[in-house]
*Asks:* 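Below is one structure. I have some questions about it.
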Amino acid sequence: MRLDNMLLAEGVSGPEKGGGAAAAAAAAAASGGSSDNSIEHSDYRAKLSQIRQIYHTELEKYEQACNEFTTHVMNLLREQSRTRPISPKEIERMVGIIHRKFSSIQMQLKQSTCEAVMILRSRFLDARRKRRNFSKQATEILNEYFYSHLSNPYPSEEAKEELAKKCSITVSQVSNWFGNKRIRYKKNIGKFQEEANLYAAKTAVNAAHAVAAAVQNNQTSSPTTPNSGGYPSSCYQSDGRIQ
DNA sequence: TACAATGATTGGAC
DNA sequence: GTCCAATCATTGTA
C-alpha cells in the first residue's frame with residue numbers, strides 16, 4: 001500500500017513511537033526553516049518526529065475508543081438478549097461493522113499524516129528555497145564552454161554529462177544554466193560582450209599554448225580558431241532560437 | 001535595505 | 001523530449 005510505504009519510509013508508521021499529529025505536523029511543516037543546512041536538517045527531523053508522535057498518539061486513541069465502543073455495544077446486546085434472542089452471528093456482525101468504521105477513520109488519519117509529511121518534504125526539498133550559487137570554478141567551466149561554442153551553445157547530452165561531472169553539478173543544472181545563459185545573453189548582448197571577449201581571449205591563449213606544445217613536440221596539428229565572441233543577430237533563427 | 005545577479009520552475013511551442 | 005520566455009525565490013553586494 002502506497003500510504004504505508006510512504007509513512008514507513010519516513011518512519012511514521014514504524015514500531016518506534018515518537019510524537020506528532022497531522023494537524024500539528026501541517027502547522028510544523030508550514031513554518032519556515034533556518035538558513036543553515038544542518039540546522040535545517042535537524043529542524044526537518046524534529047518536525048517529522050512531531051508528526052510521528054501525533055500519529056501514534058491518535059492511533060492509540062482510536063484503538064482504545066474502538067475497543068471501548070465494542071465492549072459497550074456487546075454489553076448492550078447482552079442486555080437486549082434478555083428480552084429477545086440474539087445469535088452470536090449477529091454480535092459478530094456488529095463487531096465487524098464497528099471495526100470497519102474505525103479502520104476507515106484510521107485510514108483518514110493515515111491520509112492526513114501522509115499529506116503533512118508531503119508538505120514537510122516539499123518544503124524541505126524545495127530547491128528554490130535552498131538555491132546556492134555555483135562555485136566560481138564551475139561557473140568558469142560553463143562560461144568557457146558557452147563562449148567557445150557561441151555559434152551553437154547547445155551542448156549535447158554527452159557534453160552536458162561531461163560538464164556536470166567537471167562542475168560537480170547535475171545534468172539538469174547544466175541544462176538550466178545553459179537555458180538561462182542563452183536567454184540572458186540574447187537579451188543583453190552588450191552587457192555580456194566584455195565577458196565574451198574575456199573568455200574568447202582565454203580560449204585563444206589556451207589554443208596558443210596547445211600549439212606551442214605541439215610545435216615543441218614536432219607535431220603538425222593546426223590550432224583551433226577560437227570564437228571571437230560576438231554572437232551576431234544572424235545567429236538567431238526566425239523563431240528567436242539561437243542557431 | 002534596495003537592487004542586481006542567479007539558479008530553478010512553469011507553461012507554451014515545436 | 002528540448003527549448004524559450006517569463007517568473008519566482010534566494011543570494012550577494014553596494
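Residue numbers start from 1 in every chain, and the chains themselves are labelled A, B, ... in the order their sequence lines are given, proteins ahead of strands.
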*Asks:* Tell me the interatomic distance from A/Asn143, atom CG, to B/dG7, atom C1', rounded to whole angstroms.
*Replies:*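 After rounding, the gap between these two atoms is 14 Å.
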
*Asks:* Filter on salt bridge (charged side-chain N to carboxylate O under 4.0 Å, His left out), then keep only pairs touching residues 140-150 of chain A, sequence neighbours left out; what's left?
*Replies:*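 Found A/Glu140-A/Lys202, A/Glu144-A/Lys202.
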
*Asks:* When you look at NZ of A/Lys181, are more than 12 heavy atoms from neighbouring residues, nucleotides or ligands closer to it than 6.0 Å?
*Replies:*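 Yes - once you tally the heavy atoms of other residues, nucleotides and ligands closer than 6.0 Å, there are more than 12.
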
*Asks:* Can you list the residues that meet the side-chain contact (heavy atoms from CB on, under 4.5 Å) rule with A/Leu59, with sequence neighbours excluded?
*Replies:*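 Counting only residues at least two positions away or on another chain, A/Leu59 forms a side-chain contact (heavy atoms from CB on, under 4.5 Å) with A/Tyr55, A/Glu63, A/Gln106, A/Leu109.
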
*Asks:* So, is A/Tyr154 close to the C/dC4 phosphate, meaning a side-chain N or O under 4.0 Å from OP1 or OP2?
*Replies:*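 It does, given that an N or O in the side chain of A/Tyr154 lies less than 4.0 Å from OP1 or OP2 of C/dC4.
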
*Asks:* N/O contacts under 3.5 Å, protein versus nucleotides 12-14 of chain C?
*Replies:*
none

*Asks:* I'd like to check the side-chain contact (heavy atoms from CB on, under 4.5 Å) partners of A/Val73; sequence neighbours left out, ordered by chain and number.
*Replies:*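 Listed in chain order: A/Phe69, A/Leu77, A/Met94, A/Ile98.
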
*Asks:* Does A/Met74 share a hydrophobic cluster with A/Ile86, counting links as ILVMFWY side-chain heavy atoms below 4.5 Å and allowing steps through other members?
*Replies:*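 A/Met74 clusters together with A/Ile86.
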
*Asks:* Take atom CG of A/Leu142 and atom C1' of B/dA8, then tell me their distance rounded to the nearest Å.
*Replies:*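 Rounded to whole Å, this separation is 15 Å.
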
*Asks:* Need one value for A/Lys191: base, sugar-phosphate or nothing, where a base atom within 4.0 Å counts as base even if backbone is also close, heavy atoms only.
*Replies:*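 Touches sugar-phosphate only.
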
*Asks:* Would you please name every residue forming a side-chain contact (heavy atoms from CB on, under 4.5 Å) with A/Arg100, sequence neighbours left out?
*Replies:*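 Per chain and number, A/Arg100 pairs via side-chain contact (heavy atoms from CB on, under 4.5 Å) with A/Ile97.
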
*Asks:* Residues from residues 155-176 of chain A sitting under 4.0 Å of DNA chain B, heavy atoms only?
*Replies:*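 Those residues are A/Gln173, A/Asn176.
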
*Asks:* Nearest to the side chain of A/Lys187 - B/dG7, C/dC4, C/dA6?
*Replies:*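 For A/Lys187, the side-chain atoms sit closest to C/dA6.
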
*Asks:* State whether the side chain of A/Gln173 and the backbone N or O of A/Thr170 hold a donor-acceptor pair below 3.5 Å, judged by distance alone.
*Replies:*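 Here the side-chain-to-backbone pair exists.
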
*Asks:* What nucleotide, of C/dC3, B/dG7, C/dA6, holds the atom closest to the side chain of A/Arg184?
*Replies:*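 So the side chain of A/Arg184 is nearest to B/dG7.
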
*Asks:* Identify whether A/Val171 and A/Ile141 are in the same connected component of the hydrophobic contact network (ILVMFWY, side-chain heavy atoms under 4.5 Å).
*Replies:*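 A/Val171 and A/Ile141: separate clusters.
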
